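Source: prediction; values computed, not measured. Letters A, B, ... mirror the listed sequences (proteins, then strands); counts begin at 1.
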Amino acid sequence: MAEQSYTEQEFKVVGSRVRRPDGVDKVTGRARYGADAFAPGQLVGRILRSPHAHAKIKKIDISRAEKMKGVKAVITCDDLPDLTGGRGPNFDILVNCMARGTALYHGHAVAAVAAVDEPTARKALKAIKVEYKALPHVTDVDAAMAEDAPIVQPGVEHDGKPSNIVNVSQFGHGDVDAGFAEADVIIEKSYRTEQTHQGYIEPHACLASVGPDGDGELWVTTQGHFTFRNVCAQLLGMDIAKLKVTSSEIGGGFGGKTHVWMEPVALALSRKANRPVKLVMGRDEVFMGSGPTCSTSMDVKIGAKRDGTITAGQATLRYQDGPFPGPWGMLGAMTSWACYDLPNVQAVAYDVLVNRPKVAAYRAPSAPMAAFAVESTMDLVAAEIGMDPVDFRLQNVAKEGSKAAYGPTYGPIGIEATLRAVKNHPHMKAKLGKNQGRGMACGFWFNFGGQTCTDLNIGVDGTVNLTMGTVDVGGARASMSLIAAEELGIPYEKVKCNVGDTSSLGHNDTTEGSRGTFSSGMATIFAARAAIDVLKARAALMWEIDVDDIEWKDGAAHAKGIEHSNLAPLTLAEIAKKSPQTGGPIAGHNEVVADGAGVSFASHICDVEVDPETGKTKILRYTVVQDAGKAIHPDYVEGQFQGAAAQGIGWALNEEYVYGEDGRLQNPSFLDYRIPVCSDLPFIDTEILEIPNPNHPYGIRGVGETSIVPPLAAIAGAVSNAVGVRLDHTPMSPPRVLKAIREANGR
Amino acid sequence: MPRVSLASGFQAAVDGAVSVEIEAATIRELVRRLQEQYPKMTRHFDEGVAVSINGEIYRDIRDLNIPPDAEVFLLPRLQGG
Amino acid sequence: MRYEAPSSSKEAAKLLASAKGKAVVLAGGTDLLVRMKSGAVEPDLIVDIKRIGATQEIKKSGNGFKIGAGVSGARLGKHRALKKAWPGVVEATNLIGSDQIQGRCTMAGNLCNASPAADSVPAMVAANAKANVVGPGGRRTVAVEKIPTGPGKTSLKKGEIIESITLPAKAPRSGDAYLRFIPRTEMDIAVVSAGVNLTLDSKGVVKKARVALGAVAPTVLLVEDAAKAIVGTKLDDDALAALAAACEAACRPIDDMRGTIEFRTEVAGVLARRAALTAYERAGGKK
Amino acid sequence: MNGVQVSTTVNGDVEEFVCHPGETLLEVLRNRLGLTGAKEGCGTGDCGACSVIVDGQLVCSCLVLGAEVEGRKVATVEGLADGNRLHPLQDKFLEHAALQCGICTPGFLVAAKALLDDNPDPTEEEIRYALAGNLCRCTGYDKIVRAVDAAAAELRKSSKKKASGRKK
């Protein structure tokens, strides 16, 4: 671990705003995404999905479809036998990718076809006859917890009775009852957030090819091709080594592409047809059949003294996971109070099953909802005791040595720094006009590291191929190239970074938990250092001196000591040129478990204007403050902050899954699932704090997720201040805001 | 001897205790001894457990020394986006 | 499935009239192709009317403007004389979707799609526009509000197409305006909308008015009580309140994913009031 | 199938193909002509990732039938660069880091090109509304708007140079 420790240094190229190495391909249309691959003889795959929210599948008749001209394979769950032992996360993936006896939600896959072209595939889907028996359904989290609720998964029990509650988690410390007894002011409020989708612009897409020998290839848009390989190989009964998975360019993921959805179906179709099969989801399928985040219902209670000291905090969180258990409520509970140092605190979370799509991670999963409830209540307490909301937070802020509500005691952390930056920001002092309001809020996320493997190969001309195994979701190749160039002491332009397929590197964990730059950055540093050791050894051979007499600086081997003063430094390129005669290719390699990512904090400020006659909110100004540890490429750090804030704004104002009484999703389209458009947003100001992470050689901290956490609460505060009534339900869509205004005015 | 605190989800596996004392110098030893003393913990380790040492969370690293007076916390393994 | 692109309206009508199975008219395609993609419509014949000369023209005459059924929103928005005469109608049409959609969408297509939320329709109704219909039985002219009969349904008979829309000549001291409510700034379907067309007398008193509401009933509503509420006034606060109340009273909306009954009803009045003020100003009225 | 035979011009090259009557221009470009720069984000005209220019007019290629482009001129992102010289929009997108995942980038470039062809000096608001038909989920649009603004300035500068060059 010692080598992971942060060492202060003057960077030469790290921190500069260079052009990304994959940029030209992406602005010329040449970059190949999930749907951009073609194979000889490829078929078109399509999936038949359940029109019911919950139904017994009595019979599937595929005989007519199978006989159609041009149809090469039709599959049901019978073609994906269970090899998982019937339980666990991979079994859930199997059941989710193809229903087994019961359709668990509107859009659940029940059969699939592969045909010579799109019209034939569509016709074949129509020819499949499924006999359903509709079952009672439940899509609302509170309704699903009721005594007489329809049961989503038989076998789940709570308190000894069949239930939809799959997990109850509790975190905290102290005695909350005693804490509330000490309080001068107690505020208790309930909140709801509706279900949102990651909304990546690229639908799920893959090209699968499995031969009769059992060997397979999968080209897929994913955040983790190694994980996809392992899961798919298990579900299909293939050897891991015989399934080569290549991650295409990925058109956005935000957690939604960490999960396997339909790839086993594509592989099974290909195996049955003995032809490559391309399977691409339509946008409606993305909404119906891939990972939204939870909808929630939450109660938060905070007690404080008049001097601003919080005496107790308590949260009860109810998160729906779709029809399969997930860690989502638990993560909400763990993150809910993480910004504060509280003597008495408790968070209880219920994970609840409903007839909606399987929930997936969405950028700092589960944290935004809990933060919405806790931060909104913080505002209410501050108002009640007449304190400035920033000062109130500062008075209770978590610091080094504070005991986190999720258990451990914090080391050095950055929340106070972000709050101070907010307090001093000119945005906080800007004047507001009529019908305008300002809000601010804090957010927390864990960040992870994980298994990582990187390869660095030096060409005879001194240029460097860096092969990374974590998927590049938004500029990582530029950052890795900067790090390799920094470490080797060569120009950025001399490094070419690419993402390797599963046959070219050891396992890499999925790009999730803001881990890409943190962990591949670490592996790149170590791989470069390994290569430097080889370069020094080669220089020693060329000079015929002892390797201990050589040091590496500014991209060259330098011989130490006066006895070698006649030896001019040997550059990397000079050593590489001679490599055929000094032992062959020069490479550096590293595999590491990059733990110690450190927790992350952000604070946001938002100004809005609300039309009091229509309830419509316009974002006037938005500022993000977040700790990046060290910004390797500041443009892409800002980009992460801005993108996360924009997603949070959409979540706060307009995005939601709307279910009908029939349990069907009403709005599976970008027309009616309303993500922010360009004209909805102002420029989003960013302030990058650089408080080095002690557990990374360059001080890097993950930056991708945390800034989606504060927006819901920051905007709720701003809207509430603009209209004079507290909003407690996201999205704060115009009908909800207008209704709140009307009710506040007694109309 | 480090005192190991457990997140609520694990407490049933250690007979309802909030924390237990385990003689261990490294995370690997801790994980082994915990399972030896409390076999019900094995299922949790199979599903994924993160270990926090003095506030720093480790998901996979096992060969890390645990300082004598360290705060040790067992947390569920986390997922991210 | 067959695709045809005839060069005359007569030919188009003949193709449509003699078609076996489902025959559809393709103008801008911004609704039709979406419905084909979802499988909601599976045509056996697609008749593209954009190669018909008359559908591509904007003609100005003493009777007003004749706008071909294939004229895109983008072209409409660049026609200065039309914009000057009927700013509300042009704005309404230009609100349909993005610039990309504007490159394709048409007023006639918007009308024939028969959505109660169609942006150009309340403005056309307020403007007293007429649809010029060509069919196997010849030509006829129909008030635009008579074309849609319910969501997705029109009064057009088999084989009939709308060749063009006629907007009347602009009366002196008249002005029109259209406003819609959407949750975002762009790209949404109107949750509720209002088109207002006013003619003033020389003293600035409203002499004639047409007020139309969108997305508050199965078809776009022409609200005569709303017009009555402001005729004879200078749009003082009482008149505006009466206008809003008349609009609210006329609403028969539904609750759906885009809005609630109460929201649509209340905002219909707000938009009518705001649109009336703009139309009044455009007619030369001074407040 | 009643295939439709179509002859058209794509990025200046004559292309002939036969397509299904219901096949979209997007499908033709991607699957028949190998031009995968235009992306399908929704297939319903709501995301703009498939933007192309037909006879000078910006459209979503998912809402145009392949059969409709008979005799038309189609321009896609693949034709934006001038030989091996990037178009100023492409250049500024790279300089300003106006892309993260990049899936929406071709659509944005084509839409921005259509905007600047029509309005060489747009305000921020005009840029934002002109690009409202193009969804981006990564960037919050901030750097995209800045890149388009910078490209517009660059294009104005070079057209001024050209104009003054002609005067001489």
Could you go step by step and tell me if Glu40(D) and Arg283(A) meet the side-chain contact (heavy atoms from CB on, under 4.5 Å) rule? CA-CA 9 Å; Glu40(D) 180 176 312; Arg283(A) 178 54 53 185; over 6 Å; no
Under the criterion side-chain contact (heavy atoms from CB on, under 4.5 Å), I'd like the reasoning laid out for Asp36(A) against Lys39(D): C-alpha separation, chi angles, the key distance, then a yes or no. CA-CA 9 Å; Asp36(A) 298 339; Lys39(D) 309 295 182 191; 2.4 Å; yes
Please test Glu118(A) against Arg30(D) for salt bridge (charged side-chain N to carboxylate O under 4.0 Å, His left out), starting from the C-alpha separation and ending with a verdict. CA-CA 13 Å; Glu118(A) 175 80 23; Arg30(D) 292 178 54 83; over 6 Å; no
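With chain D as the partner, the residue from Gly474(A), Ala31(A), Ala646(A) showing the most heavy-atom pairs under 4.5 Å is Gly474(A). Comparing Asp25(A), Val286(A), Asp472(A), Ile675(A) by heavy-atom pairs within less than 4.5 Å of chain D, the highest count is held by Ile675(A). Your options are Thr76(D), Leu35(D), Asp91(D), Ile127(D), and the one with the most heavy-atom pairs under 4.5 Å with chain A is Asp91(D). In terms of non-hydrogen atom pairs under 4.5 Å with chain D, the most contact-rich of Glu655(A), Arg32(A), Met281(A), Glu249(A) is Glu655(A). Between chain A and the options Gly41(D), Gly140(D), Gly37(D), heavy-atom pairs under 4.5 Å are most frequent for Gly41(D). Here Thr139(D) is the residue among Asn31(D), Thr139(D), Asn134(D) with the most heavy-atom pairs under 4.5 Å with chain A. In terms of heavy-atom pairs under 4.5 Å with chain A, the best-connected choice from Ile144(D), Val77(D), Leu135(D) is Leu135(D). Between chain D and the residues Ala644(A), Gly23(A), Gly639(A), Ser669(A), the most heavy-atom pairs under 4.5 angstrom are made by Gly639(A).
With a threshold of 4.5 angstrom between heavy atoms, Thr44(D) does not approach chain A through any atom at all. Of the two parts of Leu681(A), the backbone and the side chain both hold a non-hydrogen atom closer than 4.5 Å to a non-hydrogen atom of chain D. Of the two parts of Tyr622(A), neither the backbone nor the side chain holds a non-hydrogen atom closer than 4.5 Å to a non-hydrogen atom of chain D. Heavy atoms closer than 4.5 Å to chain D are found in both the backbone and the side chain of Gln647(A). Proximity to chain A (any heavy atom under 4.5 Å) is restricted, for Leu109(D), to the side chain, taken from C-beta onward. Heavy atoms of Tyr129(D) lying under 4.5 Å from chain A belong to its backbone as well as its side chain. For a residue to count as touching a neighbouring chain, one of its non-hydrogen atoms must lie under 4.5 Å from one of that chain's; by this rule Glu124(D) touches chain A with the side chain only. When heavy atoms are compared at a cutoff of 4.5 Å, Ala132(D) approaches chain A by way of both its backbone and its side chain. Using a 4.5 Å cut-off between heavy atoms, Leu131(D) touches chain A through backbone and side chain atoms alike. Contacts between Phe641(A) and chain D at a heavy-atom distance below 4.5 Å are absent for every atom of the residue. Contact annotation for Val24(A): both backbone and side-chain heavy atoms come within less than 4.5 Å of a heavy atom of chain D. Contacts between Gln640(A) and chain D at a heavy-atom distance below 4.5 Å involve backbone atoms as well as side-chain atoms.
Annotation: cation-pi geometry satisfied between Arg128(D) and Phe683(A) (NZ/CZ under 6.0 angstrom from ring centroid, within 45° of ring axis).
Under the 4.0 Å criterion applied to side-chain N and carboxylate O atoms, Arg674(A) and Asp46(D) are not assigned as salt-bridge partners. Glu638(A) has no carboxylate O lying under 4.0 Å from a charged side-chain N of Arg146(D), or vice versa, which leaves the two without a salt bridge.
The shortest side-chain heavy-atom distance between Lys26(A) and Leu94(D) does not fall under the 4.5 Å cut-off. For the pair Leu80(D) and Thr28(A), the minimum side-chain heavy-atom distance is 4.5 Å or more.
Under the side chain to side chain contact (heavy atoms under 4.5 Å, CB included) test applied with Val145(D), the options Ser679(A), Pro682(A), Cys678(A) reduce to a single match, Cys678(A).
In terms of heavy atoms, Arg137(D) sits closest to His197(A) at NH2-O, 3.0 Å. Of all heavy-atom pairs between Asp117(A) and His20(D), the closest is OD2-NE2, 3.7 Å. When all heavy atoms are compared, the tightest approach of Cys101(D) to Tyr33(A) is O-OH, 2.7 Å.
For the atom pair SG of Cys42(D) and CZ of Phe287(A), the computed distance is 9.5 Å after rounding to the nearest 0.5 Å. Note: Arg30(A) CZ to Glu78(D) CD = 9.5 Å, rounded to the nearest 0.5 Å.
At least one donor-acceptor pair under 3.5 Å links the side chain of Arg20(A) to the backbone N or O of Leu99(D).
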